[in-house]
Protein chains: 2
Amino acid sequence: MTEKKLTLQLDFHSGLPIYTQIVTQIQSQLANEILKPGDQLPTVRALAQELRVNFNTVARAYRMLDEARIISTQQGRGTYITEIPPPEVTKKLQEETLIELTDRFISEAYRLGFTEREVSQMVRDRLKVRKEAKVREKE
Amino acid sequence: MTEKKLTLQLDFHSGLPIYTQIVTQIQSQLANEILKPGDQLPTVRALAQELRVNFNTVARAYRMLDEARIISTQQGRGTYITEIPPPEVTKKLQEETLIELTDRFISEAYRLGFTEREVSQMVRDRLKVRKEAKVREKE
DNA sequence: CCTAATATTGTACTAATTGTATCATTGTGT
DNA sequence: ACACAATGATACAATTAGTACAATATTAGG
């Protein structure tokens with residue numbers, strides 16, 4: 001299973017906020033492959049209890065990591081490391097990733113009977129929808 | 001008999017609730033005639049066991065589909081695809097399926113850090129690659 | 001055949017587990 | 001004393017799981 005103990009070392013007298021320490025240590029464990037994409041992190045309450053900290057402090061750390069797209073928090077489900085390619089991957093590898101992703105998408109659409117024209121048009125539409133949504137969000 | 005294997009692919013880390021994934025995948029299989037009117041779906045417990053989820057999660061998905069008049073659940077009998085799904089319903093479902101598929105693809109690409117331009121360009125490229133491959137295949 | 005017991009199926013309600021939102025409290029620096 | 005950031009407390013919402021039940025089908029006895 002993807003259960004981890006996630007041993008973190010907090011320093012309560014360092015002056016650094018707890019949530020910052022949690023964030024950076026998870027980031028570093030990810031960078032060192034102690035944590036891997038897909039891994040489930042402890043629940044906010046479980047980790048909080050282990051660290052002797054309020055669970056909202058853990059939740060705050062998780063939220064920052066979530067906003068940074070490093071983890072994915074899901075209400076009622078749990079928290080998982082996202083499938084982000086490690087920072088050391090090259091641009092070329094990233095390109096290959098997008099190719100694979102795109103090909104899977106196209107294959108699935110074709111398998112469901114959609115035509116090239118329909119797929120192409122839908123991608124344009126949905127990209128546009130997102131862009132417009134983002135614009136409205138800023139207002 | 002009208003028994004189907006009903007292979008569903010769940011992603012437990014996608015952020016989408018399990019019941020939503022079940023609903024949309026059954027919708028798409030209906031829209032694309034992998035499932036047909038009159039087909040019996042697996043029992044809530046059977047499907048739950050196969051998917052390794054609680055049977056109430058399947059029941060919730062079935063209930064949503066039932067409310068949408070897409071399936072008919074009958075206590076003590078089983079669950080069946082509704083007999084006369086109007087053509088415009090399946091057409092609409094099909095469209096929704098492609099939207100859903102496309103949005104998932106775009107979200108994933110964005111999450112991996114690709115831009116709208118890159119995604120758009122890659123879709124064009126890969127569609128073109130496929131078309132050309134198909135042309136060569138005919139020669 | 002008919003009928004009653006049993007099994008199978010979906011339903012309803014509840015509980016448990018998760019993250020979220022909001023505000024209060026604390027503590028530190030100026 | 002004040003301002004501000006960090007942390008804690010409390011209530012909430014979403015998802016999934018547990019348990020008991022009702023409706024139907026199937027099977028066993030006669």
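Chain letters run A, B, ... following the sequence lines, proteins first and then strands; every chain starts at 1.
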Under 3.5 Å donor-acceptor pairs involving side-chain atoms of residues 42-49 of chain A, not counting sequence neighbours:
residue, atom, partner, partner atom, Å
A/Thr43, OG1, A/Ala46, N, 2.9

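- Pairs engaging residues 20-30 of chain A under the side chain to side chain donor-acceptor pair (under 3.5 Å) rule: A/Ser14-A/Gln21 [sequence neighbours left out].
- Side-chain atoms of A/Arg77 come within 3.5 Å of backbone N or O of B/Phe12 as a donor-acceptor pair.
- Protein atom CG of B/Leu47 is 15 Å distant from nucleotide atom C1' of D/dT16, rounded to whole Å.
- Residues satisfying the side-chain contact (heavy atoms from CB on, under 4.5 Å) criterion with B/Glu116, sequence neighbours excluded, are A/Leu127, A/Lys131, B/Tyr110.
- Here D/dA5 presents its C1' atom at 14 Å from CG of A/Leu16, a figure rounded to the nearest Å.
- Proximity of a side-chain donor or acceptor of A/Thr102 to a complementary backbone N or O of B/Val123 within less than 3.5 Å is not detected.
- Side chains of B/Ser72 and B/Gln74: a donor on one and an acceptor on the other come within 3.5 Å.
- Separating the CD atom of A/Gln21 from the P atom of D/dT7 is a distance of 8 Å, rounded to the nearest angstrom.
- Side chain of A/Tyr19, nearest nucleotide from D/dA17, D/dA9, D/dA6: D/dA6.
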Exercise. For nucleotides 14-30 of chain C, just jot down a letter per nucleotide in 5' to 3' order: B, S or -, based on protein non-hydrogen atoms under 4.0 Å.
Key: ----BBBB---------

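- The only member of A/Ile34, A/Leu35, A/Asp39 that meets side-chain contact (heavy atoms from CB on, under 4.5 Å) when paired with A/Leu6 is A/Leu35.
- Residue B/Met64 contributes atom CE, which lies 15 Å from atom C1' of D/dT16 at whole-angstrom precision.
- Helix bend of the helix from C/dC1-D/dG30 to C/dT30-D/dA1: the angle between its two end axes, each built from five pairs, comes to 20° after rounding to 10°.
- Spacing between atom CG of A/Leu10 and atom P of D/dA6 amounts to 15 Å, rounded to whole angstrom units.
- Atom CD1 of B/Ile71 is separated from atom P of C/dT11 by 9 Å (rounded to the nearest Å).
- With sequence neighbours left out, A/Thr115 forms a side-chain contact (heavy atoms from CB on, under 4.5 Å) with A/Arg117, A/Glu118.
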